[in-house]
Amino acid sequence: MRNNYLEIAEDKTVLSAKQTKKWPWWVRVVYSLVFLLALMIFNVAAVGQNIQGKAPVQTPIGGFGVDGDAFANTPAGYDGVGDWFFNPPGTGGGLYNPDPPYNFLYPYTYQLIDAWGNKQDDYTTFTSTNKINDNPNTYTWGLGNVPPKNEIQNVGVHFTWGEPSLGGNADDLWCLFAADRWQVNGSSYVDFEFLQASLKMLPGGTFQSDGPHGGRTVGDVLVTVEFTNGGPVATVVINVWEQVGSGYQYVVHPNSEFTGAIYATVNTAITTVPFDAYGGNTYDVNQWAEGAVNLSQLFHLDQNPCFKLSTVFVRTRSSGNSAQSELKDLPGAPIQIDLYMNDLAINCPKDVFIEACSDPVDVKMAYDNWKAGFSYSGGVAPVTDNMDKFPSLPANFACTGGTLSFTYVVKDFCENSESCTSNFKVTSAPKVVLTPPADKTVDACLGADAVKAAYDTWLASVKYEGGCDLKVTNNSSGAPDACGGKATVTWTAKSS
């Protein structure tokens, strides 16, 4: 039989001081301990939402510090760890060039900059009641303004790979990100949506999505960073696009599924930046958030070797995980990545040109090197190519000349296909032109010596050109008789 006082404690969510005084002393002690424990759990949960740490990535140098500031080698415990901006001394590198020209230093790094604070200037806001589960093809954009807590100006997104020397996996794709908000009061929500199919913003205020499952692709991931209640924490929520009943929607997955794959925090110190930040160059505490996610774990890429990341879509919305929360502001068009995890790459050698009359041995060596220059890397096995159809070197090609052309085609298991073309050309030898001397008549009875001299001069006056190492022969049997006679000669030109 349960104690009646415990039933009251279970059934009532709020108990007055007068009610608790009626309890026995030991019940009041138990209640106090339970209440204290609940407070402790609440505080641990709230503080624990800032998942700070060092993402083990290749760039920036030293990994990436998700630590509440934007500078490498700080704060204490992050010496040698990279961040958005380089900060000497220390070996940790930065992603952003702090001196003119202000830009990111690495490929696959993007900065989106949006107008803010004035309806007449901000042309990139959501203009209808768009929600996260709606088909993106129904989204609209245009001129508008949003509540200051949902106003976004700057977004940074950087893609990199895991660094084994820091404990990462070189095959893991990471995304580092940061986003700001105009005002720190109230709750703010920034979405980073990773889409396998292309999503583009079209002129005229619409979007075009190639996603086959309700405008997305099953398995797409939505990472939301929440500035909850204006508090000093950044809560990370992971949603995965799944089929639910006859439709599709985002389903929350606990962060415990991705331990070690998610980091996020708000800035815990005033931050100076080398670009405009809402009319200045500093951010107040809790005005921006940064994070890092291991996309290979989020997308379970060990089970999906044909994965392609097409688009990253960044925007703000009005509330947390509610399917009814409305999209508010976007800092620009969705970022087009078109990044394959097992990217198939091929190489064709440069065209080869060989002069006419080259040594056949040299031509054969050049041909072999040309053939060896066709290669591929990456792709998902089995990978096939058409090298079995490679053209052979014709006999006597060094002399005949000509062009061999080959289009190299490579395909992999995921139906990715790449092709390129290269040519091997031996310049044709100049055309052989043989011009015999004109017929010649000499006076009779000049004497044998004079006739022979005239004959030899005439025989040697043949003209010829072209070919390779051209050799000219004749069928002469000697000068004709000095006192009347005739000699007919045929010349033959032959190229080696």
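Keep in mind the model is a prediction, meaning the values are calculated, not measured. Starting from 1, each residue takes its place in the sequence as its number. Only heavy atoms go into these numbers, but all of them, side chains included; no hydrogens, no water, no symmetry mates.
- When only modelled atom types and interatomic distance are considered, T140 and S128 share a side-chain donor-acceptor pair under 3.5 Å.
- Looking at T316, its side chain does come within 3.5 Å of a backbone N or O of D329 through a donor-acceptor pair.
- For the atom pair D276 CG and I113 CD1, the distance stands at 8.5 Å (nearest 0.5 Å).
- Side-chain polar atoms of Q52 and D67 form no donor-acceptor pair below 3.5 angstrom.
- Remark: side-chain polar atoms of D412 are not paired, donor with acceptor, to backbone N or O of V383 under 3.5 angstrom.
- Within the 4.5 Å cutoff, the side chain of K328 has no heavy atoms near those of the R315 side chain.
- Between the D351 side chain and the N423 main chain, a donor and an acceptor come within less than 3.5 Å of each other.
- Annotation: cation-pi geometry satisfied between R181 and F227 (NZ/CZ under 6.0 angstrom from ring centroid, within 45° of ring axis).
- Side-chain atoms of T160 come within 3.5 Å of backbone N or O of T59 as a donor-acceptor pair.
- A donor-acceptor contact shorter than 3.5 Å is absent between the side chain of N347 and the backbone of Y376.
- Side-chain N or O atoms of N369 include none that pairs as donor or acceptor with a backbone N or O of A366 at under 3.5 Å.
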*Would F390 and W370 count as a ring pair (Phe, Tyr, Trp, His ring centres under 6.0 Å) if you check the C-alpha gap in whole Å, the side-chain angles of each, and the deciding distance to 0.1 Å?*
CA-CA 11 Å; F390 197 83; W370 177 62; 5.0 Å; yes
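- To the nearest 0.5 Å, the span separating CG on D180 from CD1 on I152 amounts to 6.0 Å.
- Using a 4.5 Å heavy-atom threshold, the side chains of D114 and D122 count as touching.
- A donor-acceptor pair under 3.5 Å links the side-chain atoms of S188 to the main chain of K149, judged by distance alone.
- Tested against F177 for a ring-ring contact (aromatic ring centres under 6.0 Å, His included), the candidates Y110, F192, W288 yield a single pass: F192.
- With hydrogens and angles ignored, the 3.5 Å screen pairs a side-chain donor or acceptor of E151 with a backbone N or O of G117.
- Counting heavy atoms from C-beta on, the side chains of V237 and Y189 never come closer than 4.5 Å.
- Side-chain atoms of R317 and T224 form a donor-acceptor pair, as typed in the model, at a separation below 3.5 Å.
- Judged by distance alone, with hydrogens and angles left aside, the side-chain atoms of T311 form a donor-acceptor pair with the main-chain N or O of L199 at under 3.5 Å.
- No side-chain donor from either of Y106 and Q58 sits under 3.5 Å from a side-chain acceptor of the other.
- A distance-only check finds a donor-acceptor pair linking the side chain of Y278 to the backbone of Q153 [under 3.5 Å].
- Taking the six-membered ring wherever Trp is involved, the centroid distance between the rings of F64 and Y263 does not fall below 6.0 Å.
- Between the side chains of Y283 and N154, at least one donor N or O lies within less than 3.5 Å of an accepting N or O.
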